[in-house]
**Student:** 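Quick one: the structure is below, questions incoming.
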Amino acid sequence: MGQKKKLAEAEQQQSPTDTAHKPSFKKPRLGPPLTLGSQRSIYFCQSPKDHSARLGSEFFDQPAVSLARALLGQVLVRQLGDGTELRGCIVETEAYLGPEDEAAHSRGGRQTPRNRSMFMKPGTLYVYLIYGMYFCMNVSSQGDGACVLLRALEPLGGLETMRQLRSTLRKGTISRALKDRELCSGPSKLCQALAIDKSFDQRDLAQDEAIWLEHGSLESSAPAVVTAARIGIGRAGEWAQKPLRFYIRGNPWVSVVDKGAEQNTQA
DNA sequence: ACGCTGATGTACT
DNA sequence: GTACATCAGCGTT
């Protein structure tokens, strides 16, 4: 409860040193460009500064495992109310397959008010509260009740604002400044760093004005991927062992490295 | 490096 | 009541 209020306050605050990623023109500002289908053409070529290409709904319309891999190397962009852009490259994901997946909230076909967005169209965000104080962000994929959890980002822009959001939202001690590595290396850390809360649940990543996905650079578009067991799945039986976590090999921003899995997944 | 623990609120046996 | 798709801080190898 206090979390949401604190988050709103944190978003108001502005780091005076963190101006590099603000848009140069004044508010009110239009949202990010929207693609229709796979068209991206002239609109994006006109502004050299805007080398962005928002990924459209067709990108998300693939099975969870496929989407989990495809998301690696793509850039998640969050625009705050004041126009500040926070950017991070996705380096770690997990796939949740739907009704048959004992570790998924949609196991057994359960559909509740909480997990409704898991069943909505591909590209819909599923954001839920965990342990009473944190959020996790998922992207719905093709397949009923299937989605992909975002577990870690390499922060690319707006790091000082991220640091501020992370510190403000952490409780208690006004402690040390967080290292860059600590900003987005975990599913709830990245939600704090990007000011993602429950209000993002059921939003469309292909259409929303405050959050979207862009193509990563060429080199990061075909990364070496490690396949490993998912994290934090206690009582999901055999499903806890299945290799449904994906991360970029050797990437220092990954939250948990699985050396055993890396042996099996030789590059 | 690893292991323990408290924080904290919602969903759903 | 109990279980959480977690995190940070502190203690011990």
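Atom set for the values below is all heavy atoms of this structure, side chains included, hydrogens, waters and symmetry mates excluded. Quick caveat, the model's predicted, so the values are computed rather than measured. In the text below, chain A, chain B and the rest are named by the order of the sequence lines, each starting its count at 1.
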**Student:** Is the shortest side-chain N/O distance from A:Ser188 to OP1 or OP2 of C:dA5 below 4.0 Å?
**Tutor:** no

**Student:** Does a side-chain N or O from A:Lys198 land closer than 4.0 Å to OP1 or OP2 of B:dT10, or not?
**Tutor:** no

**Student:** Return the stacking result for C:dA5 and A:Tyr96: yes when the ring centres lie under 5.5 Å apart and the planes under 30°, no otherwise.
**Tutor:** yes

**Student:** If the threshold is 4.0 Å, N to carboxylate O, is there a salt bridge linking A:Arg114 and A:Asp201?
**Tutor:** no

**Student:** Does B:dT5 have a Watson-Crick or wobble partner in any strand here, with both distances under 3.5 angstrom, and which is it?
**Tutor:** C:dA8

**Student:** Check the geometry between A:Tyr134 and C:dT6 and answer yes if their rings are stacked (centres below 5.5 Å, planes below 30°), otherwise no.
**Tutor:** no

**Student:** Would you call A:Glu92 and A:Arg245 a salt bridge, taking side-chain N to carboxylate O under 4.0 Å as the test?
**Tutor:** yes

**Student:** By nearest atom, which of the nucleotides C:dA5, C:dA8, B:dC12 is closest to the A:His105 side chain?
**Tutor:** C:dA5

**Student:** Of the options C:dT6, B:dT10, B:dA7, whose atoms approach the side-chain atoms of A:Met133 most closely?
**Tutor:** B:dA7

**Student:** Taking a pair as Watson-Crick or G-U wobble with both distances under 3.5 Å, which nucleotide is matched to B:dC12?
**Tutor:** C:dG1

**Student:** Can a salt bridge be assigned to the pair A:Asp61 and A:Lys121 using a cut-off of 4.0 Å between side-chain N and carboxylate O?
**Tutor:** no

**Student:** Whether the side chain of A:Tyr128 and the base of C:dA5 hold a donor-acceptor pair under 3.5 Å is what I'd like checked.
**Tutor:** yes

**Student:** Between C:dT6, C:dA8, B:dC12, which nucleotide gets closest to the side-chain atoms of A:Tyr131?
**Tutor:** C:dT6

